[in-house]
Amino acid sequence: MNTLVKYVVTDPCYILSDDKWDECCKFLDDSPKAFNEAVSKALTDLSGFPAFACDTGFGDWNNKIYGSYIIHKEFCADSGMVCICRLTSEIEKHFEEDYPDIYSHGAAVFEGSDDINIDFDISDPSWTVVKIHDNQTGNFIETMNADDFYAENEDFDDEDDNYFDEEEDY
């Protein structure tokens, strides 16, 4: 088996520069698909490896990944997007400089081969489930689904816009 590499699951706005993010946001009016593709391309260009982005369906959220080879399991989204990309040394350096506590709950990290498949399950339009399959190790990683989220956050009121504001902003 090849050496495992690190991947990050987070909001792409934490990875992309403000200028790149603004460029991607120009696609917001086109369609969600066009915006997702623009963000995925920007992340791929930045990391040098295939990257994947999708809207959360929910907006801003806190979520977790479950599976094997997980280093950090919690992540969040402040722009209503989620992405998976290779955790390169440049991205790690960016996190150290701009988001030094991102691994506390802002970015999930897992190890995998360089042969992974990403599926954004949007069958529930109000909640995206990220499914990651490693074709070499057979590992399967999945994010929390909406039922798990609501069960874990019993006091959550989706009318309460300040729910996530109680958390530290990045």
Side-chain angles (χ1 to χ4, degrees), residues 1-28 32-58 60-122 128-144 164 167-170:
M1 180 169 70
N2 293 341
T3 304
L4 298 181
V5 295
K6 290 181 183 174
Y7 292 89
V8 62
V9 182
T10 191
D11 188 317
C13 75
Y14 300 142
I15 296 175
L16 297 174
S17 69
D18 290 343
D19 289 344
K20 277 288 176 200
W21 184 251
D22 289 346
E23 281 181 38
C24 292
C25 287
K26 292 177 183 174
F27 290 89
L28 275 170
K33 184 177 185 224
F35 181 59
N36 294 345
E37 288 172 356
V39 173
S40 297
K41 181 180 181 328
L43 290 166
T44 297
D45 291 348
L46 174 68
S47 68
F49 298 95
F52 312 88
C54 186
D55 57 281
T56 66
F58 183 80
D60 299 348
W61 65 355
N62 290 346
N63 209 320
K64 297 176 184 170
I65 56 174
Y66 298 95
S68 299
Y69 305 106
I70 293 174
I71 297 168
H72 301 284
K73 71 177 185 176
E74 295 184 38
F75 69 98
C76 65
D78 284 332
S79 74
M81 298 227 25
V82 60
C83 72
I84 298 90
C85 72
R86 186 81 64 101
L87 185 55
T88 63
S89 57
E90 293 84 7
I91 293 173
E92 287 223 76
K93 185 174 186 279
H94 168 69
F95 285 163
E96 287 171 16
E97 292 171 359
D98 294 349
Y99 305 101
D101 61 348
I102 194 159
Y103 297 120
S104 65
H105 69 270
V109 178
F110 69 93
E111 290 183 318
S113 75
D114 57 6
D115 185 12
I116 62 172
N117 284 342
I118 309 296
D119 175 38
F120 294 109
D121 181 348
I122 56 172
T128 299
V129 176
V130 182
K131 298 177 179 182
I132 304 161
H133 181 255
D134 189 319
N135 294 317
Q136 284 185 13
T137 67
N139 189 27
F140 184 73
I141 294 173
E142 186 170 299
T143 59
M144 196 167 29
F164 291 104
E167 303 263 346
E168 183 178 331
D169 286 330
Y170 287 93

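This one's a predicted model, so the numbers in the text were calculated from it and none came from an experiment. One is the number of the first residue; the rest follow in order along the sequence.
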Measure the spacing between [atom1] of [X] and [atom2] of [Y] and express it to the nearest 0.5 Å.
X      : Y      : atom1 : atom2 : answer
Phe120 : Ile132 : CZ    : CD1   : 8.0 Å
Asn62  : Glu74  : CG    : CD    : 7.5 Å
Asp55  : Met81  : CG    : CE    : 6.5 Å
Phe75  : Ser104 : CZ    : OG    : 14.0 Å
Leu43  : Cys24  : CG    : SG    : 7.5 Å
Phe110 : Ile70  : CZ    : CD1   : 8.5 Å

- For the pair His133 and Phe140, name the ring-plane relationship: parallel under 30°, tilted 30 to 60°, perpendicular over 60°.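 Tilted: the ring planes of His133 and Phe140 meet at 30° to 60°.
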- Task: Specify whether Tyr103 and Phe95 have parallel, tilted or perpendicular ring planes, treating 30° as the upper limit for parallel and 60° as the lower limit for perpendicular.
- Result: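 Correct class here is perpendicular.
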With a 4.5 Å limit on heavy-atom distance, are the side chains of [X] and [Y] in contact?
X      : Y      : result
Thr44  : Phe52  : no
Lys6   : Ile71  : yes
Thr137 : Leu4   : yes
Glu90  : Leu46  : no
Asp114 : Gln136 : yes
Tyr14  : Ser79  : no
Ile141 : Tyr69  : no

- Message: Enumerate the salt bridge (Lys or Arg N to Asp or Glu O under 4.0 Å) contacts for residues 132-142, please, sequence neighbours excluded, ordered by first and then second residue.
- Response: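 Of all non-adjacent pairs touching residues 132-142, none passes salt bridge (Lys or Arg N to Asp or Glu O under 4.0 Å).
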Where [X] and [Y] come nearest, the two heavy atoms and their spacing:
X      : Y      : answer
Ile116 : Ser113 : CG2-O, 3.7 Å
Ala77  : Gly80  : CB-N, 4.2 Å
Asn139 : Gly67  : OD1-C, 4.3 Å
Ile122 : Cys54  : CG2-SG, 4.1 Å
Ala51  : Cys85  : CB-CB, 3.5 Å
Ser47  : Ile91  : CB-CD1, 4.3 Å

- Residues which pass side-chain contact (heavy atoms from CB on, under 4.5 Å) with Asp45, listed by chain and number, not counting sequence neighbours: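 Listed in chain order: Lys41.
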- Message: Counting only heavy atoms not in Lys64 (residues, nucleotides, ligands), do more than 12 fall under 6.0 Å from its NZ?
- Response: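 Count over threshold, so yes.
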- Message: Quick check on Asp18: does its CG atom have over 12 non-hydrogen neighbours (other residues, nucleotides or ligands) under 6.0 Å away?
- Response: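 Open: at most 12 neighbouring heavy atoms sit under 6.0 Å from CG of Asp18.
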- Message: Looking at Lys93 and Glu96, is any side-chain nitrogen of the basic one under 4.0 Å from a carboxylate oxygen of the acidic one?
- Response: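 Salt bridge absent between Glu96 and Lys93.
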- For Asp119, side-chain hydrogen bond (donor to acceptor under 3.5 Å, both in side chains) partners two or more places apart: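 Result, side-chain hydrogen bond (donor to acceptor under 3.5 Å, both in side chains) vs Asp119: none returned.
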- Query: Among Ile15, Val130, Val8, Ile118, which one satisfies side-chain contact (heavy atoms from CB on, under 4.5 Å) with Cys83?
  - Reply: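 For Cys83, the side-chain contact (heavy atoms from CB on, under 4.5 Å) check succeeds only for Ile15.
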